[in-house]
Amino acid sequence: TNRLKEYFVLSKNLEMDKAMDYMHPKLFTIAPKEQLVAAMDAAFNNPEMKISFDSMAIVAISPAFKSGAATYRKVDYFMSMHIALSDSLDLENPELAAAMQASFQKGFPGKKISVQTETNSIHVAGKELLFAIKDPQVTQWMFLGYDRKNQQLDERRQLQQEEGVRDLR
């Protein structure tokens, strides 16, 4: 859990380049590390909205389970994020507030989205899921976030269930 706590601290402090060192290398077969860091830096350094994490806290860690040569642990955690909008985006405008609420609800399904007109900000909070992975590719526990709305992952999970592999959800 020390590595996981370190990863959360780096993420909360928006030290994305260092946080990426805790990500499982399989992530970088989808997109290179430099590209992911650049995308995150662009999102977190946007002049229209300042994003900060209020909280990242472990809710539960499953017992270790094996699949092939890899060992996994499911990590449920709570995440709370604050998005302060620039003055050019005025949430006192009811149409804009409703559009932003809908947009954030779509981007963060299942999370509690609060539009705060008095501070011109949005608060996002809810449970997230990631997996800790240790396999022959790595010597320490590495992490991969799990996107519940990713259809390809859902299809893979269903295939694994059919093959008798433990449900990763």
Side-chain angles (χ1 to χ4, degrees), residues 1-46 49-83 103-113 122-169:
T1 59
N2 282 344
R3 276 187 62 77
L4 182 58
K5 288 177 185 175
E6 290 168 7
Y7 170 69
F8 280 171
V9 167
L10 291 169
S11 297
K12 188 175 178 197
N13 293 336
L14 304 179
E15 296 181 58
M16 295 305 156
D17 191 42
K18 291 179 183 175
M20 286 291 155
D21 292 338
Y22 289 72
M23 300 303 292
H24 194 279
K26 287 183 181 180
L27 175 64
F28 307 122
T29 62
I30 298 168
K33 176 182 175 181
E34 298 75 24
Q35 184 180 350
L36 291 170
V37 170
M40 290 198 166
D41 283 345
F44 290 113
N45 294 314
N46 181 338
M49 59 180 75
K50 180 165 176 32
I51 302 170
S52 60
F53 290 101
D54 300 326
S55 172
M56 293 179 82
I58 299 166
V59 174
I61 299 175
S62 75
F65 57 95
K66 289 188 81 66
S67 178
T71 303
Y72 298 89
R73 294 184 86 139
K74 182 178 126 178
V75 179
D76 290 297
Y77 67 99
F78 176 82
M79 180 273 308
S80 172
M81 181 172 36
H82 182 84
I83 301 102
S103 175
F104 275 84
Q105 199 64 60
K106 185 176 181 182
F108 297 95
K111 306 295 179 283
K112 182 179 179 190
I113 310 296
I122 298 170
H123 188 258
V124 178
K127 281 178 67 175
E128 291 286 340
L129 175 63
L130 67 78
F131 286 93
I133 304 165
K134 193 185 280 187
D135 62 23
Q137 242 183 310
V138 297
T139 58
Q140 302 181 69
W141 286 102
M142 304 299 273
F143 309 110
L144 273 180
Y146 181 79
D147 185 353
R148 295 175 202 264
K149 64 184 186 228
N150 185 317
Q151 187 176 354
Q152 287 179 328
L153 289 176
D154 250 5
E155 289 169 2
R156 184 171 181 195
R157 182 188 57 79
Q158 288 172 354
L159 268 174
Q160 288 175 332
Q161 281 181 323
E162 290 169 13
E163 295 169 1
V165 175
R166 177 185 232 175
D167 182 5
L168 298 180
R169 209 180 241 184

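Excluded from the calculations below are hydrogen atoms, water molecules and symmetry mates; all remaining heavy atoms, backbone and side chain alike, are included.
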Pair up each side-chain donor or acceptor in residues 33-43 with any protein partner under 3.5 Å, not counting sequence neighbours, and list the distances.
| residue | atom | partner | partner atom | Å |
| --- | --- | --- | --- | --- |
| K33 | NZ | D21 | OD1 | 2.5 |

Quiz item: So how far is it from I113 CD1 to F104 CZ, rounded to the nearest 0.5 Å?
Solution: 7.5 Å

Practice problem: For residues F78 and M56, determine if any side-chain heavy atom of one lies less than 4.5 Å from a side-chain heavy atom of the other. | Solution: no

Quiz prompt | Pairing residues for I61 by the side-chain contact (heavy atoms from CB on, under 4.5 Å) criterion, not counting sequence neighbours | solution = T1, L4, I58, R73, V75

Exercise. Would you check if V124 and I83 make a side-chain contact, meaning some heavy-atom pair closer than 4.5 Å?
Key: yes

Quiz item: Do Y146 and L130 have side chains that get closer than 4.5 Å, going by heavy atoms?
Solution: no

Quiz prompt | Given M81, E128, H123, K127, the one that forms side chain to side chain contact (heavy atoms under 4.5 Å, CB included) with K111 | solution = E128

Exercise. Quick one: do L144 and L27 satisfy side-chain contact (heavy atoms from CB on, under 4.5 Å)? Show the steps, please.
Key: CA-CA 7 Å; L144 273 180; L27 175 64; 3.6 Å; yes

Practice problem: Before giving the answer on side-chain contact (heavy atoms from CB on, under 4.5 Å), spell out for F143 and F8 the whole-Å C-alpha distance, their side-chain angles and the decisive distance to 0.1 Å. | Solution: CA-CA 11 Å; F143 309 110; F8 280 171; over 6 Å; no

Quiz item: side-chain contact (heavy atoms from CB on, under 4.5 Å) between K12 and L14: does it pass, once the steps are laid out?
Solution: CA-CA 5 Å; K12 188 175 178 197; L14 304 179; over 6 Å; no

Self-check item: Nearest heavy atoms of A64 and T71, plus distance in Å
Solution: CB-CG2, 3.7 Å

Quiz item: How long is the span from the CZ atom in F44 to the NZ atom in K50, to the nearest 0.5 Å?
Solution: 10.0 Å

Quiz item: So which pairs with a foot in residues 132-144 pass side chain to side chain donor-acceptor pair (under 3.5 Å), sequence neighbours left out?
Solution: R3-Q140, H24-D135

Exercise. I would like to know whether M23 and F28 meet side-chain contact (heavy atoms from CB on, under 4.5 Å); could you show each step before the answer?
Key: CA-CA 9 Å; M23 300 303 292; F28 307 122; 4.0 Å; yes

Exercise. Could you pull out all residues at least two apart from E6 that satisfy side chain to side chain donor-acceptor pair (under 3.5 Å)?
Key: Y22

Exercise. Could you pull out all residues at least two apart from K112 that satisfy salt bridge (charged side-chain N to carboxylate O under 4.0 Å, His left out)?
Key: none

Quiz item: Got a second to check how far K18's NZ is from S11's OG, nearest 0.5 Å?
Solution: 12.5 Å

Exercise. List for me each residue that meets side chain to side chain donor-acceptor pair (under 3.5 Å) alongside S103, sequence neighbours excluded, and say none if there are none.
Key: none

